[in-house]
Each structure stands twice: as C-alpha cells, then as structure tokens.
Amino acid sequence: MDSPLLTLGALLSTMAMISNWMSQTLPSLAGLNTTRIPTSNSLTQISPREGWQVYSSAQDPDGRCICTVVAPEQNLCSRDAKSKQLRQLLEKVQNMSQSIEVLNLRTQRDFQYVQKMENQMKGLRSKFRQIEEDRKTVLTRHFQDLKEKMDELQPLIPVLEQYKTDARLITQFKEEIRNLTGILTSIQQEIGAFDYEELHQRVLGLETRLRECMKKLTCGKLMKITGPVTVKASGPRFGAWMTDPVASEKNNRVWYMEGFTTSKIVREYKSLADFVTGAESRTYTLPVKWAGTSHLVYNGSLFFNKYQSNIIIKYSFNTGKILAQRSLDNAGFNNVYPYTWGGYSDIDLMADEFGLWAVYATNQNAGNIVISQLRQDTLEVVKSWSTGYPKRSAGESFMICGTLYVTNNHLTGAKVYYSYSTKSSSYEYMDIPFHNQYFHISMLDYNARDRALYAWNNGHQVLFNVTLFHIIKTDGDV
C-alpha cells in the first residue's frame with residue numbers, strides 16, 4: 001500500500017522540477033528577459049511589446065503546472081527570426097502543457113486507484129482480524145459440540161458390539177433355517193429318508209432359540225410415533241377399543257366400548273376384519289357401569305374402573321362374573337384428577353411387557369401422577385412410584401417397558417412430553433410429536449404384542465406405530 005503513495009509523491013515532485021525548469025530555461029531559450037540584440041551602436045533590451053515575457057511558473061492546488069507568459073504585440077513582423085523561434089517555442093510549450101495535462105490525468109486516476117486500493121486493504125485487514133477472532137470462537141464451539149456428541153455416542157459402543165454379535169447369531173439362524181428347508185423339501189420327495197422325530201426336535205429347538213433372541217428385543221426406549229392408520233370410523237366422540245396383548249397369535253379378538261359413563265355393553269369381534277365390517281360375535285353386559293375410557297383386556301379378562309369410585313374390577317369374559325375388585329388407596333375419582341379432556345378419566349389401567357399397571361393421582365402427591373404395578377389375579381398393588389407431573393395437565397399416558405409416557409394434551413399439536421422410568425425412578429422431558437388426525441384423543445394405550453398404540457380419535461378407531469431404541473440384554477443383565 002505504501003509503494004503507490006511513494007510513486008505519487010515522486011511524480012508530483014517531478015512536476016514541480018519541470019515547472020521550475022521552465023521558469024528558468026524558457027526565457028534563455030527564447031532569448032527573452034535578459035537577452036540583448038546587438039546593433040551598430042548599442043545593445044537594447046527587448047520589452048514585452050517586442051517579444052515573449054515569462055514572469056513565473058508554479059503549481060495549482062491540484063498539482064498542475066501554471067506558467068505566466070506575456071505575449072508580444074501582434075504587429076511585429078511575422079517574418080522576423082525571433083517570431084519564428086517564438087512560434088516554435090510556443091508549440092513546444094503547448095506540447096509540454098498537453099503532456100503535463102495527460103500526466104496530471106493519469107496521476108489523478110492513479111491516485112484514485114491508490115485510494116480505492118487503500119480502502120480495500122483496510123477492509124481486508126479488518127476482515128482478516130475478524131476472521132482470526134471468529135476462528136478461535138468457532139473452533140472452541142465446534143470442539144465442544146463434537147465432545148458432547150462423542151460423550152453421547154460413547155454408551156452406544158457396547159450396544160453396537162452386542163448388535164454385531166446378535167447379527168451373526170441371526171445369520172446362523174437363517175443358515176439353519178435354509179438347511180432345514182432343504183431337508184423338508186427332500187422329505188417331501190422321499191419319505192423316510194430322515195428321522196422325522198429328530199427333525200421335528202431340531203425345528204422346535206430352533207424356534208426356541210429364535211424366541212429367546214426376540215425376547216432381547218422386546219424392550220426399548222420410545223423414539224418416534226408414526227401414523228395414524230384409521231381402522232374404522234364408529235361411535236361417539238369418546239370410547240375405547242382394544243385387543244388382548246398376551247393372547248396367542250391366532251386370537252385376534254377385538255373389544256369395543258362406547259362412551260365413558262352411561263353404558264354397560266361390551267361388544268366383541270372375532271377379528272379385526274369383522275370389526276371393520278361390524279360383524280359382532282358376542283356382546284357382554286357388565287354388572288356395573290364403568291368410568292372413563294381407560295379399560296384393559298388382559299389374559300382373557302376385562303379390567304375397568306367402577307363408576308363413581310376408585311375401585312378397579314377384573315371381569316371374566318368366559319364366566320361373565322367379577323373375579324376380583326380392589327380399591328386404590330387415596331386415588332382420586334369422579335373427575336377430581338382426570339386427563340385434560342375430562343370424561344371421568346381419573347384412573348387409567350394399562351399393560352406392557354412387564355404386566356398390569358394403574359396410573360392415577362392422589363391428594364398426598366399433590367395431584368401429581370402415581371404409578372402402581374398390580375398383580376393381575378388379585379389386583380393388589382405390588383409397588384408404587386410418585387412422579388412430579390400433574391395428572392390434570394396430562395392429555396393421555398401409556399406404558400412401554402416399565403416407562404410411563406405422558407402427552408401434553410389431547411388436541412391438535414399433542415406430543416409425548418414427559419416420561420418416568422420405574423426401573424431407575426427417574427424422569428425425562430421429551431419432545432415426540434404425533435399426528436392427531438381427528439383433533440381429539442380420548443383413549444391412548446400401548447399393545448406390547450402388536451407394538452402399536454390403540455387410540456380413540458374423535459369417533460375414529462386408529463393405530464399408531466412406535467419406533468423403539470432397543471437395548472440388547474446380555475447374559476449378565478438382571
């Protein structure tokens with residue numbers, strides 16, 4: 001940046017020298033000022049009336065040369081030798097003036113260019129300084145982000161190692177199945193080539209091993225909810241529908257219960273297809289009314305909350321009788337601690353991979369949610385956990401693998417907002433949205449067999465798929 005400025009200074013200095021030279025040299029070159037013309041008797045000095053007179057030369061504020069010249073009167077003889085010399089000198093001065101003017105224009109242009117370059121260099125210097133400062137900040141932040149991500153990923157290493165082991169095990173299972181398939185094909189072609197009983201035992205053994213492998217994948221942490229799939233549009237705004245999560249794979253019966261207080265009728269369908277078409281297989285009339293929509297069918301029996309009480313009842317579909325009933329101590333009922341949508345939903349009965357649960361609230365826990373694990377035969381409370389989440393602020397809730405997941409409301413924009421693990425007695429705030437397609441949910445329960453959420457969505461029976469992060473159990477896990 002300094003070099004163009006030095007060049008400009010040198011240029012201006014040179015112009016001054018040229019101007020000074022002109023003031024001293026032009027008169028002598030032209031024979032003016034001090035030049036005397038000899039005559040026969042004496043020497044006479046030429047006056048301004050007889051020839052050119054250069055008074056001074058200087059520079060204006062912009063650095064341009066200024067020459068003050070007095071021209072002779074025009075009545076001199078044009079054929080005079082000095083007039084010819086003066087004309088030649090005038091032409092030279094004019095040429096020099098033009099050259100100086102061009103030089104001046106170039107100098108001004110170069111000066112503007114230098115100023116522009118100087119501003120650009122200052123801007124670049126400022127940017128480089130800012131980049132240098134930002135680089136340290138960005139590197140520190142990026143390093144911290146990477147460190148946090150690495151800390152999050154660190155616990156996954158043993159899980160991934162176990163996944164690799166299980167993947168190899170599954171590959172072995174596939175190979176054994178392929179081999180057994182080939183053997184069965186050969187048996188079809190030639191009966192008696194192998195011992196059928198031995199082959200049958202091999203198949204049973206493989207099936208057992210596969211089931212053991214599947215047991216390792218039964219539990220996991222909820223990561224995502226997708227759907228819903230609308231199965232049917234039927235009934236009023238409130239209700240419940242369900243299947244038995246511990247029934248055999250061939251047993252796909254569906255139970256359907258409308259409303260939350262006014263009915264005792266339970267409708268049964270042999271399959272999901274019959275439910276869609278409305279082909280009832282049987283109806284049951286309960287001995288008492290139920291409260292809410294949080295009912296449960298588990299191992300062939302219906303579990304529900306008796307209307308206007310904190311009593312839970314176990315009803316057998318096979319015998320049509322009440323098998324057990326028990327009061328939940330201190331549990332609120334009759335719309336004291338319902339979900340956000342009301343509907344006498346004070347007590348919610350549910351099931352997961354670990355058995356039967358009741359979710360409710362008590363005055364002793366300041367209206368916050370209490371989780372109790374129940375014995376399915378006697379309804380006795382095995383153990384309870386007190387959470388800090390207000391029951392009346394929950395839209396719905398469901399259990400997966402011993403963890404309670406709570407939604408923030410029952411309307412559009414609902415999401416899983418809070419979870420409580422009974423294994424670690426700890427809670428976590430979450431943000432897992434799901435699509436509330438029909439704008440109002442009055443029942444939401446997890447089915448461990450189907451790995452799905454059953455929901456009553458404003459007179460529509462829908463299913464949500466769940467994505468779980470599976471934790472592989474090893475032989476050393478309790």
Side-chain angles (χ1 to χ4, degrees), residues 149 152-170 173 209-229 231 242-247 249 296 298 348-357 359 369 371 373 385 387 389 394-408 414-437 441 443-455 457 462-478:
K149 290 181 180 179
E152 292 177 1
L153 294 175
Q154 191 68 26
L156 296 181
I157 294 178
V159 175
L160 294 175
E161 291 295 332
Q162 186 63 42
Y163 266 123
K164 290 166 59 178
T165 303
D166 289 343
R168 289 193 294 269
L169 183 61
I170 292 173
F173 288 161
R209 292 170 63 190
L210 285 172
R211 289 185 180 277
E212 289 297 324
C213 182
M214 287 301 297
K215 287 180 180 179
K216 293 183 177 182
L217 298 177
T218 55
C219 275
K221 180 180 179 180
L222 179 65
M223 303 299 292
K224 186 178 181 182
I225 300 175
T226 56
V229 175
V231 178
M242 64 216 79
T243 60
D244 191 339
V246 294
E249 294 181 0
L296 169 69
Y298 191 82
D348 192 349
L349 300 174
M350 56 188 72
D352 68 352
E353 293 81 357
F354 297 153
L356 189 64
W357 305 84
V359 172
I369 290 176
I371 307 169
Q373 189 170 21
W385 293 262
T387 77
Y389 196 89
E396 276 289 343
S397 66
F398 53 89
M399 295 287 294
I400 299 179
C401 297
T403 297
L404 179 71
Y405 295 93
V406 181
T407 68
N408 61 338
K415 61 184 178 180
V416 176
Y417 180 71
Y418 175 89
S419 67
Y420 186 92
S421 170
T422 59
K423 182 178 180 180
S424 62
S425 298
S426 61
Y427 69 91
E428 176 183 0
Y429 285 99
M430 314 183 76
D431 188 4
I432 303 177
F434 61 93
H435 182 41
N436 190 349
Q437 184 168 351
I441 291 178
M443 168 251 178
L444 187 64
D445 280 322
Y446 173 70
N447 187 295
R449 185 187 68 170
D450 300 336
R451 303 270 179 90
L453 294 173
Y454 283 64
N457 196 184
V462 303
L463 290 172
F464 291 95
N465 292 319
V466 297
T467 300
L468 305 180
F469 176 76
H470 292 289
I471 302 174
I472 307 299
K473 294 188 297 184
T474 62
D475 294 338
D477 292 338
V478 179

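Atom set for the values below is all heavy atoms of this structure, side chains included, hydrogens, waters and symmetry mates excluded.
The line from CG of N436 to CD1 of I441 is 4.0 Å long, rounded to the nearest 0.5 Å. To the nearest 0.5 Å, atoms CE (M399) and OH (Y420) are separated by 10.5 Å. Remark: M443 CE to N457 CG distance equals 11.5 Å, nearest 0.5 Å. Atoms OH and OG, from Y389 and S397 in turn, are 10.5 Å apart once rounded to the nearest 0.5 Å. Rounded to the nearest 0.5 angstrom, M223 CE and L468 CG are separated by 9.5 Å. For the atom pair CZ of R451 and CG of L463, the computed distance is 15.0 Å after rounding to the nearest 0.5 Å.
Counting only distance, with no hydrogens or angles, the side chain of Q437 and the backbone of V462 share no donor-acceptor pair below 3.5 Å. Distance alone, capped at 3.5 Å, places no donor-acceptor pair between the N447 side chain and the A452 backbone. Side-chain atoms of T407 come within 3.5 Å of backbone N or O of E396 as a donor-acceptor pair.
The aromatic rings of Y418 and Y427 lie parallel to each other, with less than 30° between the two planes, well short of the 60° mark.
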For ring-ring contact (aromatic ring centres under 6.0 Å, His included), just list the numbers for F434 and F464, CA-CA rounded to whole Å, side-chain angles, deciding distance to a tenth of an Å, and then say yes or no.
CA-CA 9 Å; F434 61 93; F464 291 95; 5.6 Å; yes
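Annotation: side chain to side chain contact (heavy atoms under 4.5 Å, CB included) contacts of A448 (sequence neighbours excluded): E353, Y446. Shown here are the side-chain hydrogen bond (donor to acceptor under 3.5 Å, both in side chains) partners of Y454, two or more places apart in sequence or in another chain: T243, D450. Taking the side-chain hydrogen bond (donor to acceptor under 3.5 Å, both in side chains) definition, one finds that T226 meets it with nothing, sequence neighbours left out. Under the side chain to side chain contact (heavy atoms under 4.5 Å, CB included) criterion, T403 pairs with Y405, S419, S421, not counting sequence neighbours. For I432, the side chain to side chain contact (heavy atoms under 4.5 Å, CB included) criterion is met by L222, I225, V416, M430, not counting sequence neighbours. Listed by chain and residue number, D244, Y298, N299 satisfy the side chain to side chain contact (heavy atoms under 4.5 Å, CB included) test with V246 (two or more places apart in sequence, or in another chain).
Between G220 and C401, the shortest heavy-atom contact is N-SG, 3.3 Å. Pairing each heavy atom of P433 with each of K415, the nearest pair is CA-CB, 3.6 Å. Heavy-atom minimum distance, N408 versus A414: OD1-CA, 3.5 Å.
Counting heavy atoms from C-beta outward, L296 and D445 have side chains that stay 4.5 Å or more apart. Within the 4.5 Å cutoff, the side chain of L404 has no heavy atoms near those of the T422 side chain.
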